[in-house]
Every structure is written in structure tokens, then in C-alpha cells.
Amino acid sequence: MNKIILITGGAGFIGSHVVRQFVTNYPQYHIVNLDALTYAGNLENIVDIATFPNYTFEKGDITDILFVEKLFLKYNFDGVIHLAAESHVDRSIADPMAFVLTNVIGTVNLLNTAKNAWKSNFEGKRFYHVSTDEVYGELHNLDEFFVETTKYNPRSPYSASKASSDHFVRAYHNTYKFPVIISNCSNNYGPNHFPEKLIPLMINNIRNKKPLPVYGKGENVRDWLYVIDHARAIDVIFHNGIIGETYNIGGNNEWKNIDLVKLLCSTMDEKLGRKKGESEELITYIADRAGHDLRYAINASKLMNELGWSPSVTFEEGLAKTVDWYLSNWDWIDHITNGDYQKYYEEMYKIG
Ligand code: NAD
Ligand code: DAU
């Protein structure tokens with residue numbers, strides 16, 4: 001084993017794809033997956049690699065100082081890829097404090113523990129913080145894109161907590177010369193996406209012929225990237241990115257919510273053998289998200305030009321793979337859409 005790497009949040013949506021990317025492509029690394037298994041963490045996401053000899057799962061909370069210190073003593077980590085977070089904007093509006101605890105305090109706890117464990121000898125070490133494009137705020141003009149130097153302007157409790165964590169990561173670099181890298185990615189989609197987020201929620205509701213809740217007029221725009229392309233970008237940046245730098249990651253693939261929901265309806269109608277237009281009738285416009293960001297759009301040319309990354313699938317291919325995955329994995333969704341989660345969902349959307 002020539003590197004021991006800690007990946008946090010590896011039982012979540014993106015983290016599980018990152019764990020798989022590293023465990024399967026780098027048999028010489030030992031990957032330790034630290035995850036608290038919150039409502040969003042699911043070991044079923046990584047069941048295929050659970051017994052690989054270069055993989056270990058550790059259940060624990062990144063806000064637990066003693067636990068994280070012990071983990072750094074147990075494993076002499078060479079690197080950290082930090083994804084653990086509270087990630088859903090609507091939940092951050094309902095309960096901001098959970099976001100401050102995990103996203104801000106949890107991140108600072110990891111930074112501090114790594115700094116102490118590495119005893120300020122940072123040769124060969126790196127701490128990679130996975131962040132979001134939401135820290136930049138919202139865009140109004142169609143010719144505007146987020147670049148790495150765009151001023152931070154977070155507008156939801158979630159994005160404020162992620163922006164705060166980014167600031168701490170940069171502060172550790174500036175103050176202690178701590179070896180950090182940050183990436184800010186646009187909206188991901190793909191297999192194992194938790195069904196509270198737009199695309200899997202719509203797929204699941206279309207399947208169950210339930211209302212499709214579109215916030216406001218559905219005019220908001222998101223820039224969608226296939227999750228495996230995000231995992232590939234994280235691999236490239238972890239290995240070849242320059243310490244202290246930030247890289248934007250995005251698919252150059254903007255969709256208005258309502259157009260995307262209609263595309264999912266027609267794709268699902270075709271795949272399920274339903275009559276054309278049947279699922280569109282389920283579209284239900286509901287109250288807008290408080291402080292709803294209008295448009296996100298990423299300029300990823302730094303990553304593409306300097307590190308040679310580009311998406312491997314078109315949106316058409318990625319969406320077809322995603323819908324096919326859900327169609328063959330209803331068990332996965334059934335296991336998580338019950339009990340407490342279901343109660344939360346019904347309260348939140350006031351629809352049954
Ligand atoms: P997710 O909610 O699916 O997964 C988060 C994981 O973190 C879960 O497995 C959960 O159990 C774990 N976790 C939460 N709190 C923890 C704690 N206190 N200690 C240890 N583990 C904890 O999230 P995701 O969508 O996979 O996002 C992963 C990361 O990528 C986040 O940092 C998010 O901000 C960032 N990001 C997400 C997107 C997106 O579109 N989903 C886009 C850009 C960046
Ligand atoms: O941009 C990156 C971010 O993308 C990540 O940092 C977040 O972790 C991730 O959750 C995602 O945030 P969004 O708020 O953009 O994703 P969400 O899937 O919640 O919503 C996408 C759009 O769809 C948004 O404009 C709100 C809208 N929406 C969402 C839901 C859940 C609806 O209209 N109806 C819904 O039911």
C-alpha cells in the first residue's frame with residue numbers, strides 16, 4: 001500500500017462513487033471510508049466493493065473530536081478527500097444548525113486533526129475539500145458563468161455553511177501552509193442519488209404516479225453533471241491539482257427545471273410503456289423554495305485546459321443510464337423511502 005487515504009461521506013451519493021473510483025483504480029492505495037450513516041448514508045451504495053482488501057469502512061461522526069483524533073492515530077493518512085456534509089438545501093432551510101455542525105465544525109475538526117497528526121510536516125500530504133458551485137450565489141445574465149475567482153455570495157443556510165467551510169480550508173492554507181485543494185462542482189445526477197433531490201424524486205414519483213412538485217414556475221436553471229464524471233474529476237484533481245488551487249467542475253449542461261421534469265416524464269413514459277404525455281399530467285406547481293437561487297452555470301475551462309479532464313458522457317447518455325439504473329433498482333429506493341424519511345417527505349411537501 002503506498003498511500004492511505006481517508007474519504008469522508010463515502011456512503012452518500014457522490015462519496016460512494018468516489019470511493020469506488022479509488023478502490024477499483026488504485027489497488028495500491030488503502031481507502032478508509034468514514035461516514036456517520038445519517039439518513040443520507042447507505043452502505044448499499046458500496047456493497048460491491050465492501051470486501052475489497054484495500055477498503056475499510058469506519059462509522060463515525062466528523063464533529064466528534066476524540067473519534068477523529070483516534071482515527072488519525074490508527075491510520076497514518078497520506079491524504080484526505082472530504083465529502084461528508086449535510087447536502088440538501090430544503091433541509092438547511094428547515095434546520096440550519098445541523099448544517100453548521102457538520103459542514104463548518106466537522107470540516108474544521110478534520111482540518112485541525114490532520115494538521116496536528118501531520119505535525120506540520122506536510123510533505124506528500126494533501127487535504128482535498130469537495131465543495132459546491134452554490135457558494136457563488138445565483139446568476140441572472142445568460143452570458144455569465146461562475147469562474148474560480150467569482151466572489152462568494154452564498155444565499156441559503158446550506159451554501160453559507162459550505163462557503164464557511166471553504167473559507168476555513170483556505171485559511172488553513174494561508175496561515176499554516178496546510179496543503180489544501182478545493183473543487184466547486186455543479187449539480188450531480190446518476191445512480192444512488194437520494195430521492196429527496198429533484199431528478200430521483202421525479203423518477204420515483206413518476207413510477208408511483210404521484211404528484212411531481214415543481215417549485216415556483218419551474219424557471220430556475222441548474223447545470224447537471226453525471227456523478228461518475230465528478231468522481232473522475234476528483235481523481236484527476238487529487239492526483240494532479242496544484243496545492244492551494246481551486247477548480248470548478250461542471251457539465252456545461254444547463255436545464256430549466258420544468259424542461260428537465262418534462263424530459264424525465266417523456267423518457268419514463270417511453271420506458272414504462274405508458275401513453276405519451278401521461279406523466280406530464282402529474283406536474284404540480286407548488287410554493288417556491290425560500291430564497292430560491294435562479295441560475296447556476298459553471299465555467300470548467302481551468303480544469304479542462306490545465307488538467308485535461310472532460311465529461312465522459314453526454315447528458316442524453318447519462319440520463320438514460322440513470323433512469324435505467326432506477327428502473328432496475330427499485331429495491332434500493334424502497335429501502336430508503338420508508339419510516340422516518342417518508343414522514344419527513346410528506347410533511348415537507350404537504351402532498352401524499
Ligand atoms: P449526500 O447527502 O448524499 O451524502 C453525504 C454523506 O455524508 C452521507 O453518507 C452522510 O451519512 C455523511 N455524513 C453527513 N454528516 C456526517 C457527519 N457529521 N460525519 C460523518 N459523515 C456524515 O451528499 P452528496 O450529494 O453525495 O454530496 C457530497 C459532497 O459533495 C457534499 O460535501 C456536497 O456539499 C458536495 N456537492 C454535492 C453536489 C450535488 O449535486 N449533490 C454538487 C457539488 C458538491
Ligand atoms: O449546485 C450544486 C448543489 O446541487 C449541491 O451543492 C447540493 O448538495 C445539491 O443538493 C444540489 O442543490 P439544488 O438545490 O440545486 O438541488 P435540488 O435537487 O434540491 O433542486 C434542483 C432544482 O429543482 C432547484 O432549482 C429546486 C428544484 N426542485 C427541487 C425539488 C427537490 C423542485 O422544483 N422540486 C423539488 O421537489
Side-chain angles (χ1 to χ4, degrees), residues 13-14 16-17 40 42 44-45 88-90 186-230 250-289 292 294-297 311-338 341-342 344-352:
F13 167 48
I14 301 171
S16 60
H17 289 281
N42 184 353
E44 275 185 64
N45 293 348
H88 190 41
V89 174
D90 294 322
S186 63
N187 286 63
N188 285 213
Y189 70 96
N192 309 97
H193 204 181
F194 197 85
E196 65 187 348
K197 308 281 170 64
L198 182 75
I199 289 183
L201 183 141
M202 294 297 165
I203 293 175
N204 193 35
N205 284 15
I206 293 170
R207 166 217 188 190
N208 293 319
K209 301 194 178 181
K210 288 177 80 173
L212 308 180
V214 172
Y215 298 166
K217 294 183 178 149
E219 296 284 312
N220 304 66
V221 172
R222 297 293 183 263
D223 177 357
W224 294 95
L225 179 70
Y226 193 52
V227 63
I228 290 170
D229 282 327
H230 189 187
N252 196 17
N253 175 42
E254 291 176 51
W255 282 82
K256 266 189 194 166
N257 291 339
I258 188 62
D259 295 338
L260 177 52
V261 172
K262 286 182 178 170
L263 176 64
L264 284 167
C265 288
S266 58
T267 308
M268 292 281 287
D269 282 350
E270 204 181 311
K271 296 217 184 242
L272 294 171
R274 290 184 187 165
K275 99 174 176 312
K276 211 171 166 208
E278 188 178 328
S279 298
E280 270 197 32
E281 287 169 20
L282 298 168
I283 291 176
T284 308
Y285 293 93
I286 65 166
D288 209 351
R289 172 183 279 174
H292 199 171
L294 183 63
R295 172 174 165 254
Y296 304 143
S312 67
V313 294
T314 63
F315 188 55
E316 208 180 25
E317 290 163 345
L319 204 68
K321 278 174 191 264
T322 303
V323 170
D324 287 344
W325 186 85
Y326 281 94
L327 288 174
S328 2
N329 287 279
W330 290 132
D331 278 2
W332 178 87
I333 224 165
D334 289 342
H335 292 165
I336 51 180
T337 50
N338 57 25
Y341 174 72
Q342 193 59 27
Y344 156 82
Y345 170 81
E346 276 159 13
E347 262 171 39
M348 188 79 170
Y349 298 103
K350 306 270 185 277
I351 50 175

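Values reported hereafter were calculated over all heavy atoms of this structure, with side chains retained and with hydrogens, waters and symmetry mates removed.
- Closest approach of V221 and K256 over heavy atoms only: CG2-CG, 3.9 Å.
- Atom NZ of K210 and atom CG of L282 lie 11.5 Å apart (nearest 0.5 Å).
- For W330, the ring-ring contact (aromatic ring centres under 6.0 Å, His included) test picks out no residue, with sequence neighbours left out.
- A salt bridge is absent between K276 and D269: the closest approach of a Lys/Arg side-chain nitrogen to an acidic carboxylate oxygen does not fall below 4.0 angstrom.
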Next item on the list: Go through Y226 and E317 one step at a time and tell me if the side-chain contact (heavy atoms from CB on, under 4.5 Å) criterion holds.
Entry: CA-CA 9 Å; Y226 193 52; E317 290 163 345; over 6 Å; no

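- From M202, atom CE reaches atom NZ of K262 across 12.5 Å, with rounding to the nearest 0.5 Å.
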Next item on the list: Show your reasoning for whether side-chain contact (heavy atoms from CB on, under 4.5 Å) applies to N42 and F194.
Entry: CA-CA 10 Å; N42 184 353; F194 197 85; over 6 Å; no

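- Side chains of D90 and Y215: a donor on one and an acceptor on the other come within 3.5 Å.
- Within the 4.5 Å cutoff, side-chain heavy atoms of E254 are placed close to those of R295.
- Below 30°, between 30° and 60°, or above 60°: for F315 and W255 the angle between ring planes is between 30° and 60°, a tilted geometry.
- Panel note: side chain N187, backbone D223; no donor-acceptor pair is recorded below 3.5 Å.
- The backbone N or O of G277 lies less than 3.5 Å from no partner atom in the side chain of S279, so there is not a single donor-acceptor pair.
- Inter-residue side-chain proximity for N220 and R289 is flagged as unmet; no heavy-atom pair is nearer than 4.5 Å.
- With L198 as reference, N257 is the one residue of L264, N257, L212 to meet the side chain to side chain contact (heavy atoms under 4.5 Å, CB included) rule.
- In this structure, I199 CD1 and W224 CH2 are separated by 4.0 Å, a value rounded to the nearest 0.5 Å.
- Closest heavy-atom contact between D229 and S312: OD1-OG, 2.7 Å.
- Shown here is K271, whose NZ atom has more than 12 heavy atoms of other residues, nucleotides or ligands within 6.0 Å.
- Counting non-hydrogen atoms of neighbouring residues, nucleotides and ligands closer than 6.0 angstrom, the CG atom of N252 reaches no more than 12 such neighbours.
- What you find for E196 and L201 is that their closest heavy atoms are O-CD1, 3.8 Å.
- Note that CZ of R274 is 9.5 Å distant from SG of C265, once rounded to the nearest 0.5 Å.
- Applying the side-chain contact (heavy atoms from CB on, under 4.5 Å) rule to S266 yields the partners L263; only residues at least two apart in sequence or on another chain are considered.
- Taken from CD1 in I203 to CG in N208, the straight-line distance is 12.0 Å, to the nearest 0.5 Å.
- Considering every non-hydrogen atom in both L319 and Y189, the closest pair reads N-CE1, 3.7 Å.
- Using a 3.5 Å distance cut-off with no hydrogens or angles, the side chains of W325 and N192 do not pair a donor with an acceptor.
- E281 CD to K275 NZ: the interatomic distance, rounded to the nearest 0.5 Å, is 5.5 Å.
- Side-chain atoms of T322 and V227, non-hydrogen and from C-beta on, never get closer than 4.5 Å to each other.
- Residue M268 comes nearest to R207 through the heavy atom pair CE-N, 4.1 Å, listed as atom of the first residue, atom of the second, then distance.
- In this structure, S186 and G250 approach most closely via the heavy-atom pair OG-CA, 3.5 Å.
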